[in-house]
Structures are given as C-alpha cells and as structure tokens.
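Below is one structure; the comments refer to it alone.
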There are 2 protein chains.
Amino acid sequence: MDLSARTAEQIGEAIRRTRKARGWTQSDLSGRTNLRVATISSLENGDAGTKIATLLTVMAALGLEFRLVVRGESVEIEDIF
Amino acid sequence: MDLSARTAEQIGEAIRRTRKARGWTQSDLSGRTNLRVATISSLENGDAGTKIATLLTVMAALGLEFRLVVRGESVEIEDIF
DNA sequence: GCTCCTTTTACGGCGGAGCGTAAATTAAAC
DNA sequence: GTTTAATTTACGCTCCGCCGTAAAAGGAGC
C-alpha cells in the first residue's frame, strides 16, 4: 500500500482505507490512540485544521509513515545520490 | 529527494532541507504562501501542533507531496537522512 | 418495520495556532 | 567587529482543535 496525497481529503482517505484494511472501527482506533472518535472522524473527512500531532498519532497506530516526495520525481534508489 | 518521516521533527527537517535546496529563505516561503515567517519557523522546528493546512501549504509551495506508506512494506530509504 | 453497530454532529470549556506586528537573537558577509 | 541578512521569539487578538460527554444520523442485517 502506497498512497500519495496532496490534500487533507486524500490524507483522510488514506487513513480511512488503511484503518479498514486493518479491520478496525473508528472506535478501535480511538482506543489505541486516546483520541476521540469525533477527532478521528474529522481527520478522515479531510479536515485540514487537524493538528500534525493528531495525524502522526493515528498514523503510528496504523503502522504508517510519511515519505515527502518531490512531485514528478520517481522513487528510484539511483536518484537518491 | 525522498524523505521519510514519523515525527514532526523529521517533517520539519525535510521541509527545511527542501527549502534550502530551492535556495529560499523562510521569508521567501512566507511570500509564496501568505504564512508568517514565525509559522514557518515553528513548523521547521518540529512543532506537532502545527495544522495540516499549514504543512500542506508549505509543501505545495515547495513542490512536495506525501506518500503514506505501510512501514516495512517497501524499500526503506529513510537512512538517507 | 426494528436492532445493533458505526459514524457524524453538537456543546461548554480550555489550550494553543496563526494573524499582525515588532523586537531580539543568530548567522553570514564584508 | 560592524553591518546586513536570516531566524527565532514575543504580545494582543481571534479562531478553532480536542477534550469530555452526549445525542443524532447512517448502514447492515434480521
């Protein structure tokens, strides 16, 4: 799974898809993160006002991490150096 | 360029590196985004309280996008950092 | 129809982000 | 070391996220 995102909506969708791929409800995620169900809901619905801390907490619970990629560049290892 | 991040500090560092790779100052970024220099400064310094909207605005100005990847699934190149 | 589970929305409260603006600290040149 | 550029920090202000808690709306199945 490798989801690109440039908007809060796309981030939320990636979170939601990963959560469902884990077979978890928002309530499950809430229990694992100490974040309110309401908070997770608005994050998944693309609220750009959500704090980075909240996003990172959810991503950690889902086993996700970021890659900040320059648009248009491929992720070829040869391009690193 | 491909920077992995699991923490706000790593995100901030990736932002700063990309900005400098563009030869821009925080003031330049501020002008391109209508965000205060102070806001950009705290983002680059790893403030997890920063809003996703702010991060996305800065990333768009820098030509960056996210990739949310499942940890361990693809090639780990985070050690570039 | 009616349950049960899940998700969304609401409200008072508090804390903090980003604004406008400015000053202070740090780094870089000369 | 002194000027200049760059970054960080501060203050009053407004806005809103997340909290605790609860209720309402949506969906799946019987």
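Given the structure is predicted, the values throughout are model-derived calculations rather than measurements.
- Evaluation of the side-chain hydrogen bond (donor to acceptor under 3.5 Å, both in side chains) rule for Glu13(A) yields no partner, not counting sequence neighbours.
- The interatomic distance linking Leu43(A) (CG) with dC19(D) (P) rounds to 12 Å, in whole Å.
- For the pair Leu55(A) CG and dG17(D) P, the computed distance is 15 Å after rounding to whole Å.
- Not counting sequence neighbours, Ser27(B) has no partner by the side-chain hydrogen bond (donor to acceptor under 3.5 Å, both in side chains) test.
- Using modelled atom types and a 3.5 Å distance limit, the side chains of Ser42(A) and Asn45(A) yield no donor-acceptor pair.
- Pairs passing the ring-ring contact (aromatic ring centres under 6.0 Å, His included) check and including a residue from residues 13-67 of chain B, sequence neighbours excluded, read Phe66(A)-Phe66(B).
- Counting to the nearest Å, the P atom of dT6(C) and the CZ atom of Arg22(A) are 18 Å from each other.
- Remark: Thr39(A) pairs with Arg36(A), Thr54(A) by the side chain to side chain contact (heavy atoms under 4.5 Å, CB included) rule, at least two apart or across chains.
- Arg32(B) is linked by a salt bridge (charged side-chain N to carboxylate O under 4.0 Å, His left out) to nothing, counting only residues two or more places apart in sequence or in another chain.
- Considering only residues two or more places apart in sequence or on other chains, Ala48(B) meets the side chain to side chain contact (heavy atoms under 4.5 Å, CB included) condition with Ala53(A), Ala8(B).
- Summarising the geometry, the separation between CG on Leu56(A) and P on dG17(D) is reported as 17 Å, rounded to the nearest angstrom.
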For nucleotides 6-9 of chain D, which of its nitrogen or oxygen atoms have a protein nitrogen or oxygen under 3.5 Å away, and what is each distance?
| unit_1 | atom_1 | unit_2 | atom_2 | d |
| --- | --- | --- | --- | --- |
| dT7(D) | OP1 | Arg19(B) | NH1 | 3.0 |
| dT7(D) | OP1 | Arg19(B) | NH2 | 3.2 |
| dT7(D) | OP2 | Gln26(B) | N | 2.8 |
| dT8(D) | OP1 | Arg16(B) | NH2 | 2.9 |
| dT8(D) | OP1 | Asn45(B) | OD1 | 3.4 |
| dT8(D) | OP1 | Asn45(B) | ND2 | 3.2 |
| dT8(D) | OP2 | Arg16(B) | NH2 | 3.2 |
| dT8(D) | OP2 | Gln26(B) | NE2 | 2.7 |
| dT8(D) | OP2 | Ser41(B) | OG | 2.7 |
| dT8(D) | O5' | Ser41(B) | OG | 3.3 |

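- Contacts of residues 46-54 of chain B with DNA chain D (heavy atom under 4.0 Å): none.
- Taking Thr57(A) as the reference, Thr33(A), Leu35(A) meet the side chain to side chain contact (heavy atoms under 4.5 Å, CB included) condition, with sequence neighbours excluded.
- Across all strands, Asp28(A) comes closer than 4.0 Å to no nucleic acid atom at all (heavy-atom distances).
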